[in-house]
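Written out below as structure tokens is the structure these notes cover.
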Amino acid sequence: MTSETASKDCLGWAARDPSGVLSPYSFNRRAVGSDDVSVTITHCGVCYADVIWTRNKHGDSKYPLVPGHEIVGIVREVGHSVSRFKVGDHVGVGTYVNSCRDCEYCNDGLEVHCARSVYTFNAIDADGTITKGGYSSYIVVHERYCYKIANDYPLALAAPLLCAGITVYTPMMRHKMNQPGKSLGVIGLGGLGHMAVKFGKAFGLNVTVLSTSTSKKEEALSLLGADKFVVSSDLEQMKALGKSLDFIIDTASGDHPFDAYMSLLKVAGVYVLVGFPSEVKFSPASLNIGAKTVSGSVTGGTKDTQEMLEYCAAHKIYPQIETIPIENVNEALERLIKRDVKYRFVIDIQNSLK
């Protein structure tokens, strides 16, 4: 393959309609431009965003739709102006693949907030094409939106860092949750929540998992290393935890009450929402009394993403994953809806996509 000739050999799995059922699909990737990196995809994480857009939950899905934005693999070709990568490098691609590169956010490495940022799948790129994600054999991306992964960090484990990991790492750093000895509450123990626990422990925090049931208690404490597990429906347990947390990260996307959780914060405590419930409702007193802060967050910019990947490699922070072949992806999406995964599905692209 030459960089001048558009490839016609990208294999993927796509949804064709709002049923969301995925099946094999072949398509073109753009030719490798001067600033592009072509990546052979080895693994791709399965995110709830894949459910949302394959099933047209937001009414803007563009079919055929190839999902996947937790992409890892090996560089197979670079454009002549690329300086950061070479063939054979281990790399990742996250939730966006383009931006204006000239606004205040791009200039600060916060491209995720650029008004012209382009999502990795189901978005219209600068050339007018519709982006297609990581449930595919390879991807071509501008080097700015590609991240180095340490050679000794297993690629399958790196995949969930590109969305689940960075989504919690970014607000933790922004709100200085890396102060040893401080206390963190984590609401929800799925793909995002389990990474918040892992980062919290790495930062030296006292971590409490808040869950609606006891089903994940043993794993939260023994496998993930949380210091405490509290059942949020148990009023006595919640009362005992009152005004004891410096920080809360809320990863729950199902509707839930906020006042009870906000009562757990200390004075000047910070509550960060990274999930997407249908509404956020709390009493002004829950916010004003105690001078608390409520903040939202999505994924992260290129600067934070690269920093997080290096931090995870240096501190041996690894997501808990269940690896699946691509032919099992429809079942995996159904299980994800039912929260039947510990704690992130990762598709083994290199060994199953044929």
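Keep in mind that what you see is a predicted model, and the values were worked out from it rather than measured.
Side-chain polar atoms of Tyr261 and Ser232 form a donor-acceptor pair below 3.5 angstrom. There is no side-chain donor-acceptor pair under 3.5 Å between Arg30 and Thr129. Tyr169 and Asp304 are not linked by any side-chain donor-acceptor pair at a separation below 3.5 angstrom, with hydrogens and angles left out of the test. Side-chain contact check for Tyr145 and Thr120: no donor-acceptor pair (N or O, by modelled atom type) lies under 3.5 Å. For the 3.5 Å distance criterion, the side chains of Ser286 and Asp259 qualify, holding a donor opposite an acceptor. A side-chain donor-acceptor contact under 3.5 Å links Thr299 and Thr95. The closest side-chain donor-acceptor pair between Thr302 and Arg144, if any, does not fall under 3.5 angstrom. Side-chain contact of Ser278 with Asp255: a donor-acceptor pair under 3.5 Å is present, judged by distance alone. Side-chain atoms of Ser136 and Arg29 form a donor-acceptor pair, as typed in the model, at a separation below 3.5 Å.
Between the side chain of Asn178 and the backbone N or O of Phe203, no donor-acceptor pair lies under 3.5 Å. Judged by distance alone, the side chain of Thr42 and the main-chain N or O of Gln350 form no donor-acceptor pair under 3.5 Å. In this structure a side-chain-to-backbone donor-acceptor pair under 3.5 Å is missing from Arg344 to Gly191. Side-chain atoms of Arg76 never come within 3.5 Å of backbone atoms of Ile74 as a donor-acceptor pair (strictly under, hydrogens ignored).
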Take His256 and Thr212 through the side chain to side chain contact (heavy atoms under 4.5 Å, CB included) test and state the conclusion after the steps. CA-CA 10 Å; His256 55 285; Thr212 54; over 6 Å; no

Ile347/Ile324 under side chain to side chain contact (heavy atoms under 4.5 Å, CB included): CA gap, chis, key distance, verdict: CA-CA 5 Å; Ile347 304 168; Ile324 61 167; 4.1 Å; yes

Run Lys216 and Leu224 through side chain to side chain contact (heavy atoms under 4.5 Å, CB included) and show every step you take. CA-CA 10 Å; Lys216 292 182 178 178; Leu224 303 178; over 6 Å; no

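By the neighbour-count criterion of 12 heavy atoms within 6.0 Å, atom CZ of Arg174 is densely surrounded, having more than that number from other residues, nucleotides or ligands. In this structure, Tyr119 places its OH atom where only 12 or fewer heavy-atom neighbours from other residues, nucleotides or ligands lie under 6.0 Å away.
Taking the charged nitrogens against the carboxylate oxygens, Arg101 and Glu143 have no contact shorter than 4.0 Å, which rules out a salt bridge. Ion pairing between Lys303 and Asp108 fails under the 4.0 Å rule for side-chain N and carboxylate O.
Legend: ring pair (Phe, Tyr, Trp, His ring centres under 6.0 Å) pairs involving residues 204-227, not counting sequence neighbours: none detected.
Ring-plane geometry between His58 and Trp53 is classed as perpendicular, the angle between the planes exceeding 60 degrees on a 0 to 90 degree scale with a lower cut at 30. Between Phe199 and Tyr311, the ring-plane angle classifies as tilted under the 30° and 60° cut-offs.
Exactly one of Lys198, Lys342, Glu219 qualifies for a side chain to side chain donor-acceptor pair (under 3.5 Å) with Gln320. That residue is Lys198.
In this structure, CZ on Phe229 lies 4.0 Å from OG on Ser211, to the nearest 0.5 angstrom.
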